[in-house]
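All chains are named by letter (A, B, ...) in the order of the sequence lines, taking the proteins before the strands, and each is independently numbered beginning at 1.
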Amino acid sequence: MSKNSYQLKELEKLVSLAKRRGIIFPSSEIYGGLSSVWDYGPIGVEIKRNVKNLWWKSFVTERDDIFGIDASILMHPDVWKASGHLDSFSDPLVECSATGKRYREDHIFILEIQIKKENKLITIEASDKDEVKNLVKDKIISITPLAESNNKENPSPEGGILSEPRNFNLMFKTFIGPAEDSSSTVYLRPETAQAMFVNFLNVLNSSRKKIPFGIAQQGKSFRNEITPGNFTFRTREFEQMEMEFFCNPSEDEKWHKYWIDFSLDWFKKYGLREENLMIRKHENEELPHYSKASSDIEYLFPWSWGELETISNRTDFDLKAHSKFSGKDLSYFDQENNNRYTPFVIEPAMGADRSVLAFLCDAYCEEETEKETRTLLKLHPDVAPIKIAVLPLSRKDSLTEYSKKIFDDLKGLFTTQYDDTQSIGKRYRRQDEIGTPLCVTIDFESVEEDNSVTIRDRDSMEQIRVSSDKLIEAINDKFKSF
RNA sequence: GCGGAAGUGGCUCAGUGGUAGAGCAUCUCGUUGCCAACGAGAAGGUCGCGAGUUCGAAUCUCGUCUUCCGCUCCA
């Protein structure tokens, strides 16, 4: 068995575990499911909330230079004209094999022209035939719109071959109001970023903050991906954790590097192993229209390396575009240096669902014990859905009463589960499978003798005995040492 | 969208035309019991869906849906 298929087997096991233990379910399953759409269950929702809250803490509340917003998914349709998403997302496009650049099919014309008595075929980008005539001074024999070309392969304006035209309807369309006429068409946002550009002035004015500063947001985005798949890695509805950091154009490279390092440290801090992480700088030809430079933080998923986060230098593209389309000046006046400029933007854009998946993949672990295989999620305690399980060794009334009291003391401080079904061994294994770092076990000694309980460690399975009066203290000490 | 594989209890799978099965998981009762413990019992499936062939279909045929793997994606 190759390493790859072995690892894919691991992914299948994780998908099974996720369903069995209430982490992630296929959407609308009783109706046959919906392709590549997933629901978080009772355990999964805790993990995802933890990941989002940890991000928010690191990127917003622990800092004094970043502000959060929570914008609507629906926005004015012109937002997507300004951002470029409408043009490059919804028209039939052809792609150049050499540069990867996409052209609107109706803006490409095939020309047969005569240069020095020799007939040549060239391709030109223009909005209509009249513009073509103005652009080309040579003797034109014929002008054929690309759509009417009978050639199997057409050259692109920048060399290379043009692909077959495709409809890239990457944005989800919907309607405002019950009447489905085109005047009320709106889109589900394909990225959360634009809300932060559109609210740039609002945040700037209400926060009285000077540049550099950032605006952060978490929320759902929607893209009609051509190829979704790999569990929750690429889905058409997904949640982003994005931050737009506005800075002086002269400092963009410094901040770009800063946010790459900051993000990488964040993933490492919450448990992803360093050997499974890498930074990949984008080649120039894969940069999108708005970006000057981009780096990915990639994680070694069971199928391959995949992007968790892209940190882009979006330059002043978006603010300038919105200035142009809205007519509102989005430039910034720097009082210290007495000059006006449009800020550059560094954007760390993290996938919330992808991050959860990476934490799960990294934590998934099988250990051979004497009789069985122990499956566990070695999640960082801050990411773990349940922090503590309270497990009475038997269901005798005296133990139940004592254990419930322990549970009541803990549940306000930690996410805690109480479980008194079946054997203690099975309960430990169940908690291992959802990544509960600590189990507190109560036995007759606790009740009848010394008022002490056992704390059992998920990873080492070691137990320590502590007085129940000092239980909370002991738990906090254990969490600190993870 | 094209090609390949697959869909049977919660999970993993067996079952090639004759009354739907196993292991694990789940639930109940008992057990002074600490790493998927032991004993007893219970529940759970119109075999993805829809047609067709047949006396009879999980099994054969067609359609359809879904999932997985490869190609253009990127959070």
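Atom P of B:rA43 sits at a distance of 14 Å from the matching atom of B:rG21, rounded to the whole Å. Atom C1' of B:rA57 sits at a distance of 14 Å from the matching atom of B:rU8, rounded to the whole Å.
Side-chain atoms of A:Asp443 and base atoms of B:rC34 include a donor and an acceptor less than 3.5 Å apart. In this model, a side-chain donor or acceptor of A:Glu433 finds a partner on the base of B:rA36 within 3.5 Å.
Outside the 6.0 Å centre-distance limit, the rings of A:Phe245 and A:Tyr258 are not counted as a close aromatic pair.
For A:Gln463, the listed nucleotide lying nearest its side chain is B:rC34; candidates were B:rU31, B:rC34, B:rU26. Candidate nucleotides B:rU32, B:rC34, B:rC74 were compared by shortest atom distance to the side chain of A:Tyr428, and B:rC34 ranks first. Each of B:rC68, B:rA75, B:rC34 was ranked by its minimum atom distance to the side chain of A:Arg354; first place goes to B:rA75. Nearest nucleotide to the side chain of A:Asp296, out of B:rC35, B:rC74, B:rA37: B:rC74. The side chain of A:Thr454 has B:rC34 as its nearest neighbour among B:rC34, B:rU26, B:rC74. Of the candidates B:rA25, B:rC34, B:rC29, B:rA25 carries the atom nearest the A:Arg430 side chain, counting heavy atoms from C-beta on. Distance from the side chain of A:Thr235 is smallest to B:rA75 among B:rA36, B:rC35, B:rA75. Nearest to the side chain of A:Leu393, among B:rC34, B:rA75, B:rA37, sits B:rC34. Taking only side-chain atoms of A:Thr421, from C-beta outward, the nucleotide of B:rC27, B:rC74, B:rC68 with the closest atom is B:rC27. Distance from the side chain of A:Thr310 is smallest for B:rA75 among the nucleotides B:rC34, B:rA75, B:rC68.
For B:rU26, the OP1/OP2 oxygens have a side-chain nitrogen or oxygen of A:Gln422 closer than 4.0 Å. Residue A:Arg395 places none of its side-chain N or O atoms closer than 4.0 Å to OP1 or OP2 of B:rG30. Using a 4.0 Å cut-off, some side-chain N or O of A:Asn230 falls inside it from OP1 or OP2 of B:rC69. Residue A:Arg223 places at least one side-chain N or O closer than 4.0 Å to OP1 or OP2 of B:rA75. In this structure, A:Lys220 does not reach the B:rA75 phosphate: none of its side-chain N or O atoms is under 4.0 Å from OP1 or OP2.
Remark: A:Asp459 does not engage A:Lys378 in a salt bridge, criterion side-chain N to carboxylate O under 4.0 Å. Taking 4.0 Å as the cut-off between side-chain N and carboxylate O, A:Asp420 and A:Arg427 do not count as a salt-bridged pair. Taking the charged nitrogens against the carboxylate oxygens, A:Asp408 and A:Lys405 have no contact shorter than 4.0 Å, which rules out a salt bridge.
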Q.
Assess the residue pair A:Phe262 and A:Trp266 against the criterion (ring pair (Phe, Tyr, Trp, His ring centres under 6.0 Å)); give the C-alpha distance rounded to whole Å, side-chain angles, the decisive distance to 0.1 Å, and a yes or no.
A. CA-CA 6 Å; A:Phe262 186 90; A:Trp266 188 85; 8.9 Å; no

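For the pair A:Asp39 (side chain) and A:Gly41 (backbone), a donor-acceptor distance under 3.5 Å is absent. With A:Asn53 contributing its side chain and A:Arg49 its backbone, the two residues share a donor-acceptor pair below 3.5 Å.
Counting non-hydrogen atoms under 4.0 angstrom, A:Met461 reaches a base of the nucleic acid. Residue contacts for A:Glu448: at a heavy-atom cut-off of 4.0 Å it reaches a base atom on one of the strands shown. A:Leu308 comes within 4.0 angstrom of sugar-phosphate atoms only, judged by non-hydrogen atoms across all strands, and of no base. In this structure, A:Arg427 reaches neither bases nor backbone, as no heavy-atom distance under 4.0 Å exists between it and the strands shown.
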Between the protein and nucleotides 7-11 of chain B, list the N/O to N/O atom pairs that are separated by less than 3.5 angstrom.
unit_1	atom_1	unit_2	atom_2	d
B:rG10	O3'	A:Lys19	NZ	3.3
B:rC11	OP1	A:Lys19	NZ	2.4
B:rC11	O3'	A:Ser16	OG	3.1

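Summarising the geometry, atom CG belonging to A:Leu438 is positioned 6.0 Å from atom CD1 belonging to A:Ile388; distances are rounded to the nearest 0.5 Å.
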